[in-house]
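Below: the structure, in structure tokens.
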There are 2 protein chains.
Amino acid sequence: MSVNYNSMKKNKIINPFKPAKHKHQDCLQAAIKAAKQHCDVLGLRLTPLRQRVLELVWQSHEPVKAYGILDELKQGHSSSAPPTVYRALDFLQEQGLVHKIESLNAYVGCGDPKEHHSSQFFICHDCGSVAELDDADISGLIQKKASHFGFKIDNEMVEIKGHCQECRDSRK
Amino acid sequence: MSVNYNSMKKNKIINPFKPAKHKHQDCLQAAIKAAKQHCDVLGLRLTPLRQRVLELVWQSHEPVKAYGILDELKQGHSSSAPPTVYRALDFLQEQGLVHKIESLNAYVGCGDPKEHHSSQFFICHDCGSVAELDDADISGLIQKKASHFGFKIDNEMVEIKGHCQECRDSRK
DNA sequence: AACAATAATGTTACATTATAACATTACATA
DNA sequence: TATGTAATGTTATAATGTAACATTATTGTT
Ligand SMILES: [Zn+2]
Ligand SMILES: [Zn+2]
Ligand SMILES: [Zn+2]
Ligand SMILES: [Zn+2]
């Protein structure tokens, strides 16, 4: 009798590479809705400012830069300054609503804020878009390797650069 | 008849977590020697400036910051400026003699510049020191997952934060 | 040796990313 | 309403990194 532990693992695609043409309005709306619910449940305040920053992060599936957000924020909210953006981003990151891509100093929206998860990012050099996995195999393997030398993991960061399927296809 | 492919994989510890007391002078000398040889073989110039920067990176097993290097460089070389450091670091990174830890904006020496390799960094929050693996299992798994959605990898970045064995022991 | 081409470094200025510190305003709740 | 806390405004500055051009050192050629 055997148990297939593998089937019990949580391997999620948090954000796939989106097709070039998709109704991105839906992505954005879903993200805002999820954020509202997340904050509701926890009694946290998704203020207009925070929501606006989240919307700006979700403008696309490409990572956006803090000062880019700031520029756009200023259009309708002249009193914005760097702390305005960084505070909102801090809040959103703490709540798992956005992630920072460390190797780009840029931020992407998370499709699954409901629970903390491991993140593995795949970033296309051509179109700039990012896919996010929550892959228990990768996470577990890293965990296992770490445990071999007695290392206790707090935080795992995996950022992979390369070329997505669609961009490779369109180069043929 | 079976073949143990696993045994054929290249799983290296490029840099282990060092014991608190070890003869670090040896680490440094070995690194400089390896760098000299690497450059000799390829006809590249490990100039005094580049060697000095490499030595400063190898001061310890903790990542060092560019402006920290700059401060020390100025002590014996008053004409140093940011480009001085960043150019030397660029050269050393291209040659695989140092790596940048993206999540810290800091640099560590590499124990194995002889060949390009995958790198997985484990960074201790307590002592600040860094271990580097070149683990084909992790690399291979990420590769495999990427291929599932047609992603072709150029560059892999794995930075794991947590607590090393020694620091955990000394907290008991 | 003289020369030209290239590589490395010097120098100044600036761009980008992020935080500190303190004032003000909005919100919750007693 | 009073009071404390959370959020935002505001100013200044820190930390990280690069552009552009001048100068010097090195290499290879005549
Ligand atoms: Zn979309
Ligand atoms: Zn792409
Ligand atoms: Zn050492
Ligand atoms: Zn430690």
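Quick caveat: nothing in here was measured; it's all calculated off a predicted structure. A, B, ... follow the sequence lines: proteins, then strands. Residue 1 opens every chain.
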- Calculate the interatomic distance between B/D90 atom CG and D/dT18 atom C1'; express it in whole Å. 10 Å
- Item | Integer-rounded Å distance: D/dA25 C1' and B/L46 CG | 16 Å
- Item | Distance flag, aromatic centroids of B/F151 and A/F17, threshold under 6.0 Å | yes
- Query: Linking I/L/V/M/F/W/Y whenever any side-chain heavy atoms sit under 4.5 Å apart, do A/L104 and A/V64 land together?
  - Reply: no
- Item | chain B footprint on DNA chain C, 5' to 3' - any atom under 4.0 Å from a heavy atom | C/dA8 to C/dT12
- Query: Hey, would you say the A/H99 and A/F121 ring centroids sit under 6.0 Å apart?
  - Reply: yes
- Message: Ignoring hydrogens and geometry beyond distance, is a side-chain donor-acceptor pair present between A/H61 and A/N15 at under 3.5 Å?
- Response: no
- Query: With the threshold set at 4.0 Å, does a side-chain nitrogen-carboxylate oxygen contact exist between A/K12 and A/D112?
  - Reply: yes
- Query: How many Å lie between CG on B/N105 and P on D/dT16, as a whole number?
  - Reply: 6 Å
- Query: So which heavy atom on B/S118 is nearest to which on B/S139, and how close?
  - Reply: CB-OG, 3.1 Å
- Message: According to a hydrophobic-cluster definition based on side-chain heavy atoms being under 4.5 Å apart (Ile, Leu, Val, Met, Phe, Trp, Tyr only), do B/I101 and A/I153 belong together?
- Response: no
- D/dG17 phosphate, OP1 or OP2, under 4.0 Å from B/Y107 side-chain N/O: yes
- Honestly curious: do A/V158 and A/I14 fall in one hydrophobic cluster under the side-chain, below-4.5 Å linking rule? no
- Message: Quick check on contacts: within residues 67-88 of chain A, what sits under 4.0 Å from DNA chain D by heavy-atom distance?
- Response: A/H77, A/S79, A/A81, A/P83, A/T84, A/R87
